[in-house]
Amino acid sequence: MTYQSAYRSTYRRHRYRHRRRNSHYGVLVALILVVIIAVPVAFHVVKGISSAIFGGDRNQLVYQIDNTRAFSDGRTVDLSGAAPYRDTNGNVFVSAQSLCDNLGLELSWEDSSKTAVITARKDTLRAQVDSKTIQFNDESRTISAAPVIKDGTTYVPVRDICQAFSWQVGELDANMGDLVVVSQSKKELDDERLGKIADEALAELGPSEQQLASDSVLMRTGSDKLQYQGDVLQMKEDGSHRGLPVVEQDGVQYVPLDAAMNALGGTATFDGDNEWTVSFNGLESTVRDNGKTKVDGKRVRGDDISAYTDSDSGRFYVSAPLFAALLNKTYTALDDGSFVFAVTSLDGFDSQKAYLSGQTNGLTQAVGGDIPDADVYIALTFDDGPTGAIDGYPNGLTAYLLDGLKERGAHATFFMVGNRVNMFSSTLPRLVSEGHELGNHTMTHPMQHLTGLSKDGIRQEITSATSTIQEKAGQAPTVLRPVGGGVNSDVKAVAKELGLPIINWSVDTQDWKNRNKQSVHDAIMSASDGSVVLMHDLYPTSVEGALSAIDDLQKKTDKTYAFVTVSELAAIKGITLEPGVVYNGLTEKVAQQIEDGTYKPTEFT
């Protein structure tokens, strides 16, 4: 054999073996790819078969009442704002779209008949809005509640729909999270399984609104109120008529410890040296004046655990996170300076935070610090001023009234006419600096009243007076009294637009008519707690009568009296003055009516 022939033969054998080796590699790679693809497929097939046979948790959906998120197969899902709810009969409604999207169903809509058509494989359900009859395949069935449309979303009674498809539905009450569990599994939703599902879902969805309402504590910076178990309570110390507000220092909110515990039914006792002993719901704690805290003997650590003693009042304040530890709760900041102490942090639970932020209306601003404690609070109001120098009052009648109020520690509200402010403006800086309230009584005091003007005319009268008062006083008026107290829908609408509550009166001295000091005196003496008294600082008899009545009421020994501005009186009574709303007296009865939704003021035309 020649060299060339031998080489070719060797080369052929070598190339053949190389091809065979490459062939083996190709088969091996192909087998690996088959395994990679087949294993997950097989896993899902087996999982599906086992779920069908043994009843796994595949295709499970958990709703929470009033929550815009749900829990499905281990993750949270967004319901696009369509939160489930209960009707007055206890039926749970969910959006048809969310039910179908999360359970793999098809949904179509027949607009002409307002019918939702839900298809699951071979089964079809037709549910018509406002009808208690559904069509399931060829069978008509009666359901407990008719589908409805709310805010453009179609809602269906979830239990009836699921029962039609032979799915299981379980409910947990508000104390267990207010959950509705829908499962396409054949496995029974017994108590043990429901409890496990609830634990998983609540970790992602958070506590229910009812849980929060019954067990959380709401507070707000600047307010001396807190909300607990649905009640608005004032934070005040024993024997005091006035509350103590939450304050803020360096971005941290501080709670008045003794007053807050008093409102919650707990106790906070000072040892006279440097330590407070706190008791709340069986939890015993100690807090030192440097903020070092122990709860049930264990040291509390964390951010912003601090405390301080106010140097002026001697009152002890603890930071909100520290106060949370004393309640065995967690602190979460909300909107507008409000915050909550709840069983868990609500950060990330936007529905719950939005719900609680909407519950803070009752946490009204605390009254200023220079108002004395009293049994009876009265708001004295003066219209038509200011008044300058007249016979016997060379420095001005309004200035004389301000001197008298200052001597007696009394505040008042002055409803001023813009034209007179231009004439006698020297007293306005005193009104502000001495704690009185500025009120708007129109620019020209139109004798046909505001009710005789167009909306544009009403607006012009009010805005002109506001601009004039603000120019002279450096501060805008906060309340409105229409001429003669006259209101109609236009007056109220413009006042609402301009952000001004309408303050009329509950005690009319008729000083403009009688021009009698004793008559004014007697009318004020008849005033009760929460009264708003009408007078005019145009007449010496009104001013002298008011000052003499203050003297006589402050001499009484059976009750103590304080004279405050309208807004101070509202704050004391827990009333939020709403723009465009008419108020007469500001009593506890009025506060209750507002809370109950039954408030109907007396309105003059």
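- In this structure, D508 CG and M535 CE are separated by 10.5 Å, a value rounded to the nearest 0.5 Å.
- Among the candidates E461, H441, M443, the single residue satisfying the side-chain contact (heavy atoms from CB on, under 4.5 Å) test with V417 is H441.
- Taking a cutoff of 4.0 Å between a charged side-chain nitrogen and a carboxylate oxygen, D403 and K406 do not qualify as a salt bridge.
- A salt bridge links R86 to E171: at least one charged side-chain nitrogen sits closer than 4.0 Å to a carboxylate oxygen.
- A donor-acceptor contact shorter than 3.5 Å is absent between the side chain of N262 and the backbone of E237.
- Of the possible donor and acceptor atoms, one in the side chain of S531 sits under 3.5 Å from a partner among the backbone N and O of S528.
- Heavy-atom neighbours of E588 CD from other residues, nucleotides or ligands within 6.0 Å: at or below the threshold of 12.
- With a 4.5 Å cut-off on side-chain heavy atoms, I550 and L380 count as touching.
- Note that K150 lies outside the cation-pi zone of F93, set by a 6.0 Å cut-off to the ring centre and a 45° limit from the axis.
- Atom CG of D151 is surrounded by 12 or fewer heavy atoms from other residues, nucleotides or ligands within 6.0 Å.
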(message) As a quick check of understanding, evaluate side chain to side chain contact (heavy atoms under 4.5 Å, CB included) for L401 and F382, giving each step before the final call.
(response) CA-CA 10 Å; L401 172 59; F382 295 89; 3.8 Å; yes

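- The closest side-chain donor-acceptor pair between T451 and N488, if any, does not fall under 3.5 angstrom.
- Not a single donor-acceptor pair under 3.5 Å links the side chain of Q249 to the backbone N or O of Y254.
- When each of D511, T387, T509 is tested with H536 by the rule side chain to side chain donor-acceptor pair (under 3.5 Å), just one qualifies, namely D511.
- Of all the heavy atoms in V479 and S567, the pair that sits closest is CG1-OG, 4.3 Å.
- Applying the 6.0 Å contact sphere to CG of D336 captures no more than 12 heavy atoms from other residues, nucleotides or ligands.
- Panel note: side chain K329, backbone D215; a donor-acceptor pair is recorded below 3.5 Å.
- By the neighbour-count criterion of 12 heavy atoms within 6.0 Å, atom CE of M525 is densely surrounded, having more than that number from other residues, nucleotides or ligands.
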(request) Check the pair D551 / R408 against salt bridge (charged side-chain N to carboxylate O under 4.0 Å, His left out), numbers first and verdict last. (result) CA-CA 8 Å; D551 288 338; R408 293 160 176 80; 2.7 Å; yes

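- Residues L534 and T381 come closest through the heavy atom pair CA-OG1, 3.7 Å.
- The two atoms that bring T344 and T332 nearest to each other are O-OG1, 4.4 Å, heavy atoms only.
- Only one option out of L438, D537, L428 pairs with F414 in a side-chain contact (heavy atoms from CB on, under 4.5 Å); it is D537.
- Across A213 and Y355, no two heavy atoms sit closer than the pair CB-OH, 3.5 Å.
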